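Structure first, then comments.
Just so we're clear, the structure is a prediction, and the values are computed from it rather than from any experiment.
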Amino acid sequence: MEPIWRTQYDPGVPGSVSYPDAPLPWLLETAARDYPDHIATVFLGARLTYREVNDEANRLAHALQELGLQRGERVALVLPNCPQFLISYYAVLKAGGVVVPTNPTYTPREFAYQLADAGARIVILLNLFVPAVQDIRAEAGIEHLIVTGVQDYLPTLLSYLYPLKERREGTAVHLAAGPGIHDFCELIIRHSPAYTAVPAGPHDLAVLQYTGGTTGRAKGAMLTHRNLMANTLQTCAWLPDARKGHEVCLAVTPFFHVYGMSSVMNFALALAGTLILLPRFNTKDVLQAIERYRVTTFGGVPTMYIAINNSPETPKYDLSSIRACISGAAPLPQEVAHEFERLTGGRLREGYGLTEAAPVTHCNPIGGSLRPGSIGVPFPDVEARIISLDDGRDLPQGEVGELVVRGPQVMAGYWHAPDATLAVLRDGWLLTGDMAYMDADGFFYIVDRKKDMIIAGGFNIYPREVEEVLYEHPAVLEAVVAGVPDPYRGETVKAFIVLKEGASATADEIIAFSRTRLAGYKAPRAVEFRAGLPKSLIGKHLRRVLVEEERAKQAAQSSNQGAA
């Protein structure tokens, strides 16, 4: 029997997708074969064709094999969104290695843990990040550093001027030559594209993607070639009007994050699209890129769309080229989606996923109407259920339980963590840790993470529901709700709010506004206004940081009272 959610698919979206029995480099090689002269990347004005990207990936694959890379060995990438990331990613896979995407903003301690845990002997990195990695090189067992600079892939004039800019800003890194230190461009120039092809099956490991480590140490999700191929082609299928060789994809979501890697980078390659590479999010840069390059798709996170909606610069730019955007990594407030669609004329739909699913499992149909609060319906070939936390039984429509999913994109397990794997993978089903329900039409709704649920006075309160209400307030730009310690209720609801520029509101006004739209026990009891909220590099609000700050503040107050 066909799942009820299939009836909600846009015309042209299949219930099942055909996946080639080929490793992930098939995406790049197919694009280079069929569209060799099509522009693959645009980076600060410099362009590379698909033929050039594939050729340089082959040359780097040859160099990696000459450095001793063996099949299944891990290679870490410490790079922002730039041509070198794309080239390195596919070079490692072509050479038979496993990619370990690594957050460039890590501290030496964080680098040491991840690189040692992955067993990465080779690291490909931007010169700016060399000092942090050099400090832990011996500790982590790193034998080779392959170093590149932003200027290596800039237009000729900019490549000469960029080192001057670095010196002026004090960011220049002077790297002394030494054993195991290699220049990225020299390796490519010195080696021919005739690397030794390494056979890889669909179920071989391709990427070791570390989770955020919100509880304890970060874990490496083992994503296979099939996992990543499947999610890429599922995403392509979700946009049935996507035109091969014609799409222009804004790539500002970091590639080291699984969402940027799969739903932006690999998605663009599967369509032989053009990637407009931006190393970091800056509202004006994004607006200029959309207008200049006529961007058609923009996979981002809610804070990016919020910034565009509220920028005084936005009305100056033509954003009408945008057709479809999928928002991921965090809940998308409906007010944000409506305003973005008004400004651009394109469609912005919320998707859902997690690192362990490479990452997307659900999305709202691009052509459908906005469903407030819904993450949409399962992707083609994805099964989804809502189960009881008590006994694991399936729950009926409308009841809240844990969302579990199964599909070709679900990871093989956690790297060197069999107990953690058993805790989340059961007979192929991935326990997401998210509390959700399904409505009568097959749409799913996340009410919140199990660990983020607030229990106040015996009532279960889900932060997302409260945040949706806060975003309806005309003065609110950003809002995060968290449970903070309360001596009477156990926890109480506190809202952390950033106001729009020029707007004003008081805590009492916010609380009163919430009480007109929520049951009294759900409304915030405390409100703190801030100039900004803590975010991850991808732009996701860090609720846990706010909770930790609040606990530390309360502990300090208690200590002071005790001393008095």
Side-chain angles (χ1 to χ4, degrees), residues 23-25 60-61 63-79 84-85 88-126 129-147 178-182 184 187 195-196 198-201 203-213 216-225 227-228 255-258 261 355-356 358 411-422 424-425:
L24 207 56
L60 185 56
L64 289 168
Q65 290 177 330
E66 192 172 272
L67 289 176
L69 182 68
Q70 300 296 310
R71 178 176 180 173
E73 281 197 295
R74 282 72 59 204
V75 178
L77 307 187
V78 188
L79 298 164
Q84 297 96 308
F85 191 106
S88 300
Y89 182 93
Y90 279 97
V92 172
L93 297 177
K94 284 170 178 277
V98 174
V99 176
V100 184
T102 305
N103 187 331
T105 66
Y106 274 173
T107 63
R109 178 176 172 272
E110 291 168 317
F111 278 126
Y113 168 73
Q114 182 167 317
L115 300 181
D117 187 69
R121 294 189 305 110
I122 302 174
V123 179
I124 305 175
L125 71 169
L126 202 68
F129 311 132
V130 167
V133 176
Q134 277 278 49
D135 287 347
I136 52 87
R137 187 174 168 186
E139 177 187 350
I142 299 166
E143 297 177 16
H144 298 281
L145 299 180
I146 300 175
V147 184
I181 296 178
H182 314 271
F184 184 95
L187 287 180
Y195 71 99
T196 303
V198 178
H203 301 292
D204 286 345
L205 185 58
V207 170
L208 200 56
Q209 184 77 43
Y210 280 77
T211 63
R217 291 283 199 176
K219 299 182 291 294
M222 296 189 291
L223 302 177
T224 66
H225 287 269
N227 293 154
L228 294 161
F255 290 163
F256 64 77
H257 188 280
V258 67
M261 177 184 67
T355 300
E356 293 85 348
M411 69 171 183
Y414 291 121
W415 179 253
H416 292 164
D419 291 342
T421 299
L422 288 172
V424 300
L425 283 179

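Under the 30°/60° scheme for interplanar angles, the aromatic rings of H182 and H144 are found to be tilted.
A 4.5 Å side-chain heavy-atom check between R71 and P199 finds at least one atom pair inside the cut-off. Residues L223 and V258 have side chains in contact (heavy-atom distance under 4.5 Å, counting atoms from C-beta outward).
Within 6.0 Å of CZ on R109 lie no more than 12 heavy atoms contributed by other residues, nucleotides or ligands.
Pairing each heavy atom of A140 with each of A112, the nearest pair is CB-O, 4.2 Å. The nearest pair of heavy atoms linking V123 to L125 is O-CD2, 3.7 Å. Contact between A95 and L69 at its shortest, heavy atoms only, is CB-CD2, 3.8 Å. Residues V207 and P101 come closest through the heavy atom pair CG1-CD, 3.8 Å. Shortest non-hydrogen contact noted between F256 and T102 is CB-O, 3.9 Å. Closest approach of L79 to S88, counting heavy atoms only: CD1-OG, 4.0 Å.
Y195 places no side-chain N or O within donor-acceptor distance of the main-chain N or O of A91, the cut-off being under 3.5 Å. With hydrogens and angles ignored, the 3.5 Å screen pairs a side-chain donor or acceptor of D204 with a backbone N or O of G201.
The distance from atom CD1 of I142 to atom CG of L115, rounded to the nearest 0.5 Å, is 4.5 Å. Separating the CD atom in E66 from the CG atom in L60 is a distance of 11.5 Å, to the nearest 0.5 Å. Here F111 contributes atom CZ and N103 contributes atom CG; the two are 7.0 Å apart, rounded to the nearest 0.5 Å. If you take CG on L77 and CZ on F85, they are separated by 5.0 Å, rounding to the nearest 0.5 Å. One finds the NZ atom of K219 at 15.5 Å from the NE2 atom of H416 (value rounded to the nearest 0.5 Å). Interatomic distance, L205 CG to R74 CZ, rounded to the nearest 0.5 Å: 8.0 Å.
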**OP:** Kindly indicate, with the supporting measurements, whether the criterion side-chain contact (heavy atoms from CB on, under 4.5 Å) is fulfilled by M222 and T421.
**Re:** CA-CA 10 Å; M222 296 189 291; T421 299; 5.7 Å; no
Subject >> Test log, rule side-chain contact (heavy atoms from CB on, under 4.5 Å), inputs V100 and Q114 >> reply: CA-CA 9 Å; V100 184; Q114 182 167 317; 3.7 Å; yes
**OP:** Start with the C-alpha gap between L67 and I146, add the side-chain angles, then the distance that decides, and say whether side-chain contact (heavy atoms from CB on, under 4.5 Å) holds.
**Re:** CA-CA 11 Å; L67 289 176; I146 300 175; 4.0 Å; yes
Original post:
Going through the checks in order, is the side-chain contact (heavy atoms from CB on, under 4.5 Å) test met by Q209 and L228?
Top reply: CA-CA 11 Å; Q209 184 77 43; L228 294 161; over 6 Å; no
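The side-chain hydrogen bond (donor to acceptor under 3.5 Å, both in side chains) check on R121 picks up E73, E143, with sequence neighbours excluded.
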